[in-house]
Amino acid sequence: MLHKVKPNGQVGRSVHRLESQEKVTGRAEYTHNIRLPGMLHAKIVRSTLAHGRITGIDTSAAAELPGVHAVYTSEDVRKLIPHPYFGPAFHDQPILAIDKVRYVGEAVAVVLARDPHIADEAAQMVMVDYEELPAVYDEVEAAASTVYVHDELRPAGTFPDLKHLAGVRNTNVALDYKLVRGDVEAAFASADHVFEHAFTTQQVMHTPFEPMISIGEPTGSGLTIHTASQSPSFVRIEVARLLGWPENRIRVKTGHLGGGFGAKLYIKLEALAAALALMTQCPVRVALSMEEQFYTISKHATTFRIKSGVTKDGRVVARRCDVWWNGGAYADIGPRVTQKSGFTAAGPYDIDNVYLESAAVYTNRPPAGALRGFGIPQLVWAYESHTDLIARALDLDPVEIRRKNILRNGRPQATGTVLKDAAIEEVLERTAARMNWSAPFDRGTGPVRRGRGIAIGFKASVAPTTSVAMVNVSADGSCTLYSSTVDMGQGSDTAMAQIVAEVLNIPTEQIRVVRPDTDVTPYDMATLGSRSTFHMGNAVRLAADDAKMKLAALAREVGEPEQSNLPISGLFKKKYGMQAGNVIGVGSYIPTYSSPDHDTGLSENVTPFWMTGASGVELEVDTETGHVRILRMINVADLGTPLNPEIVDTQLSGAAIMQLGFTMSEKMEFDAGQVTNASLADYKIPSFHDIPLRIENEAVQAEQQSGPFGAKGVGESATFGLSPAIANAIEDAVGIRITSLPITPEAVYRALRTAARSPLEDA
């Protein structure tokens with residue numbers, strides 16, 4: 001008997017996002033929309049000092065305000081949780097400040113009320129007395145300072161790649177990753193030229209439009225945490241550890257996220273929400289304002305000194321890199337950012353002699369963690385600006401010097417891991433081709449000059465990590481996917497559904513993806529660093545393969561011949577005589593990984609895959625105002641085989657536009673540790689007016705052989721090279737070099753005036 005042929009070719013389709021109708025009609029579930037009976041609202045009292053010892057907290061006036069339910073400090077929290085410190089790398093952050101504060105904005109006390117406005121009013125009535133302590137703000141100074149942010153460091157020991165972290169005293173360095181390859185000093189001595197430069201990046205904010213929120217809800221069996229989190233599995237583990245409970249008494253649920261970009265990784269508000277809910281035995285909502293997010297997590301400011309030994313014809317034979325990461329008061333995941341990005345600080349080049357040090361440093365600023373690119377954009381900013389400076393000094397074409405040094409598949413990267421399935425050369429060549437690089441370029445003649453620039457970057461994906469997925473095929477043939485990967489706008493739910501659909505030969509639109517719920521969906525380490533497509537994608541494919549094998553066994557059991565195209569629902573009916581039963585496929589994925597050697601930083605297997613991306617920019621510089629106008633922005637990436645070309649295209653545009661803000665305008669301004677522009681009125685992210693009219697995206701032809709259907713991550717690739725491409729284009733246009741981000745009109749105009757030997761006086 002012949003049956004109707006089913007669709008196939010689900011991978012590679014530009015399927016509309018499965019949740020798109022929910023979102024555009026306002027029906028999508030966000031944690032912010034949750035209202036629970038008897039719910040209390042929490043308002044946090046924050047430190048006004050960057051570094052100080054707490055000598056007294058007076059909560060009496062706040063507690064007496066009508067409508068206030070309770071006011072809590074760390075003394076109250078410690079009655080429930082004796083050691084209330086959390087963090088993915090170090091257990092260094094208290095739920096509420098204990099004895100001292102380490103940055104302006106740190107949570108010191110909390111007020112609870114049924115009415116959030118009353119909680120807000122009462123919070124301003126809490127009086128805190130401090131003994132002010134010396135503070136450190138600069139990452140380089142803090143690394144050598146005798147002013148210590150922490151008296152003692154407590155390694156968390158959670159992740160295998162961070163188990164080497166040491167608990168030490170008398171230092172602000174949380175992690176110092178070192179890589180030694182070849183003999184860099186001898187190579188410098190024999191080089192024809194030695195170039196040395198320094199570059200800095202600024203502290204910036206993630207700016208998800210849905211601010212952070214967590215709700216703790218006591219239940220009969222334990223505690224439910226509703227939270228806008230990128231890592232519900234980690235939240236469950238960490239809250240259970242704090243409470244001394246088994247994991248199965250903690251349930252963590254996430255709705256859709258209105259952006260994350262790393263801000264909602266690991267644990268942020270969840271421990272506070274859990275403690276407050278258990279202390280009050282009421283649901284407690286902890287929701288931040290946009291302003292409060294500036295005090296919660298940010299992106300590392302960095303200082304990067306880079307030195308290269310180069311032959312006459314432009315071959316780089318030696319490179320030394322020293323990178324300091326400003327981690328702020330609490331480590332968060334900064335040590336991993338420092339190490340993983342440190343692998344690639346020498347750039348996507350084939351260099352025999354490399355010495356690099358990458359240090360995560362505590363300061364008295366708001367904590368810093370991962371932000372779209374996991375540290376790579378800060379590094380590419382330096383090494384691709386440096387590459388362009390070398391090319392100009394040697395009178396070499398910027399593309400040609402990159403061709404001469406580029407790292408090709410089959411060659412060992414600086415860590416010793418052999419490059420494989422990384423189309424670095426292809427992204428460079430396609431970007432140059434799209435820019436028609438070898439053709440003459442009109443640079444203009446009036447006050448407005450034109451220039452163009454190019455830059456390439458690459459990244460080692462995070463490892464080791466674990467992802468688990470389940471695929472449930474119901475008796476009617478419909479299919480449900482269970483995973484704890486969080487879709488915060490990147491389209492992962494749709495991409496995962498396409499993998500299942502491809503394996504089981506059913507339409508993607510018929511697959512339901514269950515939102516993360518740790519009582520229902522299996523473990524995933526976290527949604528970060530463009531890992532989901534590869535790591536969870538492999539787990540999902542294995543789960544779908546498992547379900548397919550079980551369906552094949554069911555077909556054999558009911559006597560269906562090989563190659564039968566009987567619908568899945570028909571198999572169940574033949575088995576059970578009615579619509580009944582189901583098949584569950586399970587898959588788990590853990591990539592192989594070899595820890596870097598402690599002394600040399602070398603490893604034969606430092607990453608499961610490499611991400612690569614290139615940017616090309618054409619722009620105008622107004623020499624009378626310093627204003628820069630991007631005329632054309634090109635983003636070319638190697639993401640293996642695209643699972644969904646439309647989602648890939650929007651991911652590339654979104655990443656590039658976000659990085660454009662970090663390049664041209666965004667910067668957290670500080671005065672004695674106080675953020676002075678903590679609002680979207682003063683902190684300028686790109687508006688539609690700032691977005692270039694011409695944005696061109698391309699995925700090069702490539703295949704990640706170990707990826708699901710040849711795919712790998714894409715969410716960060718377009719962030720890598722944009723900043724140096726813009727700086728390189730500005731020098732091409734007007735002959736000035738910017739070495740610090742952001743590249744504001746004032747910075748450009750000052751550099752122009754300095755170049756003209758008429759420098760502006762400091763304001």
Side-chain angles (χ1 to χ4, degrees), residues 30-32 34 42 77 80-81 84-95 107 156-159 162 206 208 210-219 221-257 260-278 283-288 296-297 330-333 336 367 369-370 465-468 482-488 514-529 531-532 536:
Y30 291 87
T31 306
H32 259 277
I34 295 175
V77 173
L80 175 72
I81 306 172
Y85 293 89
F86 62 87
F90 290 94
H91 291 158
D92 58 3
Q93 186 160 5
I95 293 175
T158 307
F159 298 116
L162 297 178
H206 298 67
E210 177 207 30
M212 296 175 198
I213 177 168
S214 292
I215 301 170
E217 180 188 12
T219 64
S221 59
L223 179 72
T224 296
I225 300 173
H226 310 266
T227 182
S229 171
Q230 295 175 232
S231 44
S233 298
F234 182 87
V235 168
R236 180 188 220 186
I237 291 171
E238 191 73 338
V239 173
R241 180 189 66 78
L242 285 163
L243 293 171
W245 288 6
E247 284 186 47
N248 64 8
R249 292 187 63 192
I250 309 292
R251 182 179 189 179
V252 180
K253 300 177 69 174
T254 72
H256 293 285
L257 266 64
F261 316 115
K264 300 169 182 174
L265 266 176
Y266 299 110
I267 183 166
K268 296 293 185 291
L269 306 179
E270 293 87 354
L272 177 60
L276 296 174
L278 294 177
V284 176
R285 184 178 192 263
V286 185
L288 299 190
T296 306
I297 194 68
Y330 298 106
D332 199 78
I333 199 60
R336 179 179 269 168
T465 73
T466 300
S467 295
V468 185
Y482 299 83
S483 88
S484 290
T485 291
V486 180
D487 193 331
M488 49 195 163
V514 174
R515 305 283 319 155
D517 176 344
T518 56
D519 268 11
V520 179
T521 55
Y523 177 88
D524 186 29
M525 188 270 276
T527 306
L528 63 87
R531 65 176 289 279
S532 295
M536 182 54 79

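Side-chain atoms of Ser467 and Arg531 form a donor-acceptor pair, as typed in the model, at a separation below 3.5 Å.
The shortest heavy-atom contact between Thr527 and Ser484 is OG1-O, 4.4 Å. The two atoms that bring Pro367 and Tyr330 nearest to each other are CB-O, 3.6 Å, heavy atoms only. Across Pro283 and Pro218, no two heavy atoms sit closer than the pair N-CD, 3.8 Å. Listed here is the closest heavy atom pair of Pro232 and Pro516: CG-CB, 3.8 Å. Shown here for Pro84 and Val77, the closest heavy-atom pair between the two residues is CB-CG1, 3.9 Å. Considering all non-hydrogen atoms of both residues, Leu242 and Tyr85 come closest at CD2-O, 3.5 Å.
Side-chain N or O atoms of His226 include none that pairs as donor or acceptor with a backbone N or O of Gly255 at under 3.5 Å. Looking only at distances, no side-chain donor or acceptor of Thr227 sits under 3.5 Å from a matching main-chain atom of Ser214. For Thr518 (side chain) and Ser233 (main-chain N/O), no donor-acceptor pair under 3.5 Å exists by modelled atom type. In this structure, the side chain of Glu210 does not engage the main chain of Leu257 through any donor-acceptor pair within 3.5 Å. Side chain of Gln230 to main chain of Gly262: a donor-acceptor pair is present (N/O by atom type, distance under 3.5 Å, no hydrogens or angles). Judged purely by atom type and a 3.5 angstrom limit, Glu238 uses its side chain to pair as donor or acceptor with the backbone of Gly87.
Note: Phe234 and Phe86 fail the aromatic proximity criterion, with ring centroids not under 6.0 Å apart.
From Thr224, atom OG1 reaches atom CD1 of Ile215 across 11.0 Å, with rounding to the nearest 0.5 Å. A distance of 7.0 Å separates OG of Ser532 from CE of Met488, quoted to the nearest 0.5 Å. One finds the OG1 atom of Thr485 at 4.0 Å from the CG atom of Asp524 (value rounded to the nearest 0.5 Å). In this structure, Lys253 NZ and Ser229 OG are separated by 14.5 Å, a value rounded to the nearest 0.5 Å. Residue Glu247 holds its CD atom at 9.0 Å from OH of Tyr523, rounded to the nearest 0.5 Å. With rounding to the nearest 0.5 Å, the separation of CG in Leu243 from CZ in Arg249 is 8.5 Å.
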Determine whether Ile213 and Tyr30 satisfy the following criterion, side chain to side chain contact (heavy atoms under 4.5 Å, CB included), listing intermediate values before the conclusion. CA-CA 10 Å; Ile213 177 168; Tyr30 291 87; over 6 Å; no
Under the side chain to side chain contact (heavy atoms under 4.5 Å, CB included) rule, what do Arg236 and Asp519 come out as? Steps first, then yes or no, please. CA-CA 10 Å; Arg236 180 188 220 186; Asp519 268 11; 3.1 Å; yes
So Val520 and Arg251, side chain to side chain contact (heavy atoms under 4.5 Å, CB included) or not? Walk me through it. CA-CA 9 Å; Val520 179; Arg251 182 179 189 179; 4.3 Å; yes
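A salt bridge links Lys268 with Asp332: at least one charged nitrogen is closer than 4.0 Å to a carboxylate oxygen.
Residues satisfying the side chain to side chain contact (heavy atoms under 4.5 Å, CB included) criterion with Ala263, sequence neighbours excluded, are His206, Pro208, Met212, Ile297.
A side chain to side chain contact (heavy atoms under 4.5 Å, CB included) with Val252 is found for exactly one of Asp517, Val239, Val235, namely Val235.
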